[in-house]
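We name chains A, B, ... by the order of the sequence lines, and we start the count at 1 in each one.
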There are 2 protein chains.
Amino acid sequence: MSERDPKPGPAPRASGAPPVSGAPRAPRAVDVAAAAEVSIATVSRVFNNPEKVAPAIRERVLATAKAMGWMPHAAGSALARRRTSIVGAVIPTLDNEVFAAQVGAMQAAFADRGITLLLSCFNYDQDQAAHDVQAMLARGVEALAIVGEAHRPDLFASIQARHIPYIVTYSHRPDSPHPCIGFDNRQAFHTIARHLLDLGHETIGVIIQPTAGNDRVAARLDGVREALAERGLGIRPQHLCEGEWSIDFGRQSVRAMLATDPPPTAVICGNDYLALGALLEARAMGLSVPHDLSITGFDDIAISRQLDPPLTTMHVDNHEIGRRAAAYLLACLEGSRPSALPPLVPTLIRRGTTAAPRR
Amino acid sequence: MSERDPKPGPAPRASGAPPVSGAPRAPRAVDVAAAAEVSIATVSRVFNNPEKVAPAIRERVLATAKAMGWMPHAAGSALARRRTSIVGAVIPTLDNEVFAAQVGAMQAAFADRGITLLLSCFNYDQDQAAHDVQAMLARGVEALAIVGEAHRPDLFASIQARHIPYIVTYSHRPDSPHPCIGFDNRQAFHTIARHLLDLGHETIGVIIQPTAGNDRVAARLDGVREALAERGLGIRPQHLCEGEWSIDFGRQSVRAMLATDPPPTAVICGNDYLALGALLEARAMGLSVPHDLSITGFDDIAISRQLDPPLTTMHVDNHEIGRRAAAYLLACLEGSRPSALPPLVPTLIRRGTTAAPRR
DNA sequence: GCGATCTATGTAAGCGCTTACATCAATGGC
DNA sequence: GCCATTGATGTAAGCGCTTACATAGATCGC
């Protein structure tokens, strides 16, 4: 057909010639097309619209591709199709089983739809989170799930500028500007505190993660304060320990608290890891739990039920959060505009670490 | 210059015109170039070879890009550059803190070099693993880290066909055909068994993960058998429980074992979760650990040290495995061909759950 | 002061793929 | 039996970016 006038310029790579040296290039669609004696378009159709290709040819192409070990290269198709089939998940850390479970569930849900999950762990560092989101946007993620809403405003701004669907997980505020799937942290801790108050506790300690830059944790503390206030009580400063969640921090906090006068008769912990530490240390100090000290956790991680005594905590179904987040994003990607998501309701699991205070 | 003869065909998108409807398209390099009054090549250089651009222009382009919220789109650059800057990690599950730690460490190491980590959890299913690897290859991963070497042969074959570097983690056999970073599972369990034998135990039970399709676990069992055989001992069938690793399986196994006659005086567990279950159940049954029953774990997960009594186990530095795997792959990507990797040596941590058997 | 050398920038050719449109053969209606 | 359909396949135009090479000033040596 139309001959293009040969211009000076880089000599076109002689595509038929064997590679000059070393590593054999990966096969491309055009190679498969040549080998199967069809056009490149047909090869593409076999993989994207198989019903549009005659069965005989389809099989031949499939066989050829398999023999050559060829699969459509994602970068090329992403470009042509303007769809990367990648979504991103932004979580604080994999070291907490709670987030690992969410990621696992999302990954499974997306994999079913041929969507790849990109993961970022921001280690509770807002700058890291903002940076990671940028990187994900550059990678062309089509949707984003993010733990918590206490992030730099430009993080959300840059997502919104791209008009891609996103969802905040592990948190739920009715008046949040963001779509979110999770539970009401304040309400949950209100429930826990109420449980202890109803048992007759009046001096209640709190061991909690750092509240700065963590909306979920701040809400939890508020929930406790609110419940106590309703009974005319408060948290004494010496009964409030805030620090990195870890079993060790739970241990040292409970030890410090029990050295105060009067000591608390119950301790509310921001998560199960802290509660675990509190429980182990209390027992190591020779206290009887729950009679000398009641302890509550949050999340209901796997070991909590196994402890002696088993931990009273609130159960959160993190796999369900992951699944619902994935379902929401998937729905958005398919064009529907899902309506407000109902919050999950964590349930109080009364086990062996709470009881009425000793008189 | 050379006019191309206008042919019938799709009308070129009037790129200057505002989008006809709805969603504003994401800005492209060409838009930034136009706005900054430079060529598209200069824009690209600003982001890839900034030193080749005059400072004044560089700043102008940077400012324009920022104002427009533009970043080079990964799919486009991957294609042009023939480098995706993606590597894949293939692990059994995130529910085990051991693998979560490896992934976390790798992710951090790669992120430093601008490399994105793609994650797949194959849930101990070999077909899933093979499938996931295919998907990753299609995504253009430039390297791959895979837990264990008990995989379908075509999994390794397809990696090798692509000539991309890979590494097997959490396992180390001197005679493995694959580069690997990990430890000698057989040796490690030989050490554990020896520890118990040296304490005077002769009736030793084993609670272990399914060995089928799991080279690491099979090697562990071999290690125990070998150590016992050296003393003329063996594992009685009723003292060998093989099943899914979970705290509950540890519990029920120990209960079953203790109902046999004679019961074992020590139990070797395939990992800390199983040991945890064994310890909790033994205590719940009123036994004194370690005097009535010695228990060992493997991995040294976070809670193990915190238990009462603290668990005797072997410590494996999984973050280190992740870091080394990442370092190895990074080195390969930079062209060097690192030599054989030395195995890590897990260390026996004698804590409170092992002692001489009661006479 | 003039050609040789550099340096900064622009031009355009792909990277590997998808897909709108063109084409061509086979089919069916009347 | 001929034209309008229909269905299968091919052609070629991008998708957004990088980079080899071309080019045009600026700089420098003698």
* To do: With sequence neighbours left out, write down each residue that passes side chain to side chain donor-acceptor pair (under 3.5 Å) with B:Asp132, or none if nothing qualifies.
  => B:Ser120, B:Gln128
* Nearest to the side chain of A:His73 - C:dT9, C:dC17, D:dA12? -> C:dC17
* Asked: Strictly by modelled atom types, are B:Gln102 and B:Thr169 linked by a side-chain donor-acceptor pair under 3.5 Å?
  -> yes
* Figure out the CD/C1' separation between A:Glu37 and D:dA8, and round it to whole Å. => 17 Å
* Looking only at side-chain atoms of A:Arg45, point me to the closest of C:dA20, C:dA12, D:dG14. => C:dA20
* In residues 53-61 of chain B, which residues come under 4.0 Å of DNA chain D by heavy atom? -> none
* Side chain of B:Arg28 only, please: which of D:dT19, D:dG16, D:dG10 is the nearest? => D:dG16
* Structure fact -> Side-chain atoms of B:Leu79 come closest, of C:dC15, D:dC15, D:dT18, to C:dC15
* Backbone of A:Gly148 reached by a side-chain donor or acceptor of A:Ser171 within 3.5 Å -> no
* To do: Check every strand shown and say whether B:Ser44 touches a base, only sugar-phosphate, or nothing at a heavy-atom separation below 4.0 Å.
  => base
* Given atom CG of A:Asp31 and atom C1' of C:dC15, what is their separation to the nearest angstrom? -> 13 Å
* Asked: For DNA chain C, whose closest nucleotide is more 5', that of B:Gly76 or that of A:Asn49?
  -> B:Gly76
* Gap between atoms CE and C1', on B:Met68 and D:dG16 respectively (whole Å) -> 14 Å
* **Options C:dG16, D:dC17, D:dG10, nucleotide nearest the side-chain atoms of A:Ala80** => C:dG16
* Asked: Just how large is the angle between the end axes of the helix from C:dG1-D:dC30 to C:dC30-D:dG1, five pairs per end, to 10 degrees?
  -> 40°
* Asked: Going by the side chain to side chain donor-acceptor pair (under 3.5 Å) test, which pairs reach into residues 58-72 of chain B, not counting sequence neighbours?
  -> none
* Distance in angstrom units between A:Glu51 CD and D:dT9 P, rounded -> 13 Å
* **Minimum-distance nucleotide (side-chain atoms of B:Arg82 versus D:dT19, D:dC17, C:dC15)** => C:dC15
* **Length of the NZ-P vector between A:Lys52 and D:dT9, whole Å** => 12 Å
* If only side-chain N and O atoms of A:Ser77 are considered, is one of them under 4.0 Å from the OP1 or OP2 phosphate oxygen of C:dG16? -> no
* Just compare C:dG10, C:dT18, D:dC17 and give me whichever is closest to any side-chain atom of B:Ala41. => C:dG10
* Structure fact -> Applying salt bridge (charged side-chain N to carboxylate O under 4.0 Å, His left out) to A:Glu334 and not counting sequence neighbours gives A:Arg113
* Name the nucleic acid region contacted by A:Val43, choosing base, sugar-phosphate or nothing; use a 4.0 angstrom heavy-atom cut-off, strictly under. => nothing
* Asked: Any donor and acceptor pair, going by atom type alone, linking the side chain of B:Ser39 with main-chain N or O of B:Ala41 inside 3.5 Å?
  -> yes
* **Interatomic distance where CG belongs to A:Asn48 and P belongs to C:dG16 [whole Å]** => 17 Å
* Euclidean distance, atom CG of residue A:Leu137 to atom P of D:dG16 [Å, nearest integer] -> 16 Å
* Asked: What distance do A:Leu144 atom CG and A:Ile164 atom CD1 have between them, rounded to the nearest 0.5 Å?
  -> 5.0 Å
* Qualifying side chain to side chain donor-acceptor pair (under 3.5 Å) pairs with a residue from residues 145-155 of chain B, counting only residues at least two apart or across chains -> B:Asp127-B:Arg152, B:Glu149-B:Arg173, B:Glu149-B:Ser176, B:Arg152-B:Asp154
* Atom NE2 of B:His131 with >12 non-hydrogen neighbours under 6.0 angstrom -> no
* So does A:Thr42 get a side-chain nitrogen or oxygen closer than 4.0 Å to the phosphate oxygens (OP1/OP2) of D:dG10? -> yes
* Asked: What integer distance in Å separates A:Ile40:CD1 from D:dA8:P?
  -> 21 Å
* Just by distance, with hydrogens left out, do A:Thr116 and B:Arg139 show a side-chain donor and acceptor under 3.5 Å apart? -> yes
